[in-house]
Amino acid sequence: MSLPLPGALLFDMDGTLIDSDAWWFAAESTVFGRLGFSWTPAESTEWIGASLLECCEYVTAKGNLAIAPEALRDELAATVAEIAASSPISWRPGAWQLLELTARLGIPSALVSSSYGSFTRTITHAAPAGTLTGRVSGDMVTRAKPDPEGYLLGAAMLGVEPERCLTFEDSAPGMEAAINAGTHAVYVPFSAETPTIPGMTLVESLELVDETMLRDLAALPVLKLTAR
């Protein structure tokens, strides 16, 4: 007898489903550079998966910039959304095929991203039909990753208990959020250094994820938390 399928799939966006590193670096360099702050590729990588507001707080403090972090965040979110809307989407290897597979298998899926809705809508609209029907953006939550709020909200949108969800992520904050939410947390490496976090499963590429692997991943034990 086959193992059961997962109840739902939850996906991070940047670096997991799409390769948007160049978009982010272009937006950061443009917005921060206009204020005289020099932004490096290393800093861009360091902030992968983190809160936009926390990143902008870092920039304003380090550069002693005369702008509120909230205003800088909003300008950054608007700039990367403009870039995304006018650029071809580079899907990560296996991402499109995995989304199509979830549709064929009847598994609901949702996007859970730290990026804001002006950006995430572009990606959900471009995804295969019947996929990413739930969408949680950074401007929809009060607490950013590694807090589990986003993934708990994504599971609730799909009407599936977190422990029946597979979550795919490419950053340490996102992986911690997925684990803290009580989901089956799957790390797919990309730009950031691969962390070692109790409760995570490493899969080298979404290209490897087929129906059998989905069933196997869903059968793994979920890290039991004392509180959520």
Give, for atom [atom1] of [X] and atom [atom2] of [Y], the distance between the pair rounded to the nearest 0.5 Å.
X: W24; Y: C55; atom1: CH2; atom2: SG; value: 8.5 Å
X: L3; Y: E211; atom1: CG; atom2: CD; value: 11.0 Å
X: I179; Y: E176; atom1: CD1; atom2: CD; value: 7.5 Å
X: L217; Y: F168; atom1: CG; atom2: CZ; value: 6.0 Å
X: F37; Y: E43; atom1: CZ; atom2: CD; value: 5.0 Å
X: T124; Y: R135; atom1: OG1; atom2: CZ; value: 5.5 Å

Using the side chain to side chain donor-acceptor pair (under 3.5 Å) rule, take E46 and Y58 through it: C-alpha gap first, then chi angles, then the decisive distance, then the call. CA-CA 12 Å; E46 181 182 349; Y58 161 82; 5.2 Å; no

Hey, does [Y] have a side-chain heavy atom less than 4.5 Å from the side chain of [X]?
X: V136; Y: L10; answer: no
X: L72; Y: V31; answer: yes
X: D210; Y: M213; answer: yes
X: F119; Y: S137; answer: no
X: L202; Y: P189; answer: yes
X: V222; Y: T183; answer: no
X: N180; Y: D147; answer: no
X: V209; Y: V186; answer: no

Check [X] against [Y] and note the closest heavy-atom contact, atom names and distance.
X: S113; Y: D14; result: OG-OD2, 3.9 Å
X: S118; Y: A77; result: OG-O, 3.8 Å
X: L9; Y: P6; result: CD1-CG, 3.6 Å
X: A218; Y: L5; result: CB-C, 4.4 Å
X: S114; Y: A50; result: CB-O, 3.8 Å
X: S171; Y: Y187; result: N-CE1, 3.5 Å

Can any side-chain N or O of [X] pair as donor or acceptor with the backbone N or O of [Y] at less than 3.5 Å?
X: R143; Y: E149; value: no
X: H184; Y: E163; value: yes
X: D139; Y: Y116; value: no
X: T16; Y: D170; value: yes
X: E207; Y: P93; value: no
X: S205; Y: L208; value: no
X: T30; Y: A27; value: no
X: T102; Y: L99; value: yes
X: S109; Y: L132; value: yes
X: T60; Y: E57; value: yes

How far apart are the C-alpha atoms of F25 and T45, what are their side-chain angles, what is the distance that settles it, and do they pass the side-chain contact (heavy atoms from CB on, under 4.5 Å) test? CA-CA 9 Å; F25 186 66; T45 299; over 6 Å; no

Apply side-chain contact (heavy atoms from CB on, under 4.5 Å) to the pair V80 and S115, showing each step before the final yes or no. CA-CA 9 Å; V80 76; S115 293; 5.9 Å; no

Is it the case that one hydrophobic cluster holds both [X] and [Y], taking links as side-chain heavy atoms less than 4.5 Å apart, direct or via other members?
X: L53; Y: L35; answer: no
X: V188; Y: L220; answer: yes
X: V59; Y: L76; answer: yes

Mind running side-chain contact (heavy atoms from CB on, under 4.5 Å) on L17 and R92 for me, showing each step along the way? CA-CA 5 Å; L17 284 181; R92 295 284 295 131; 5.7 Å; no

Would you mind checking if D12 and K145 are paired as a salt bridge, meaning a charged N to carboxylate O distance below 4.0 Å? yes

Would E100 and W96 satisfy side chain to side chain donor-acceptor pair (under 3.5 Å), going step by step from the backbone distance to the final call? CA-CA 6 Å; E100 288 186 320; W96 185 270; 3.0 Å; yes

Would you check, one step at a time, whether the test side-chain contact (heavy atoms from CB on, under 4.5 Å) holds for L101 with Q97? CA-CA 6 Å; L101 176 62; Q97 293 79 6; over 6 Å; no

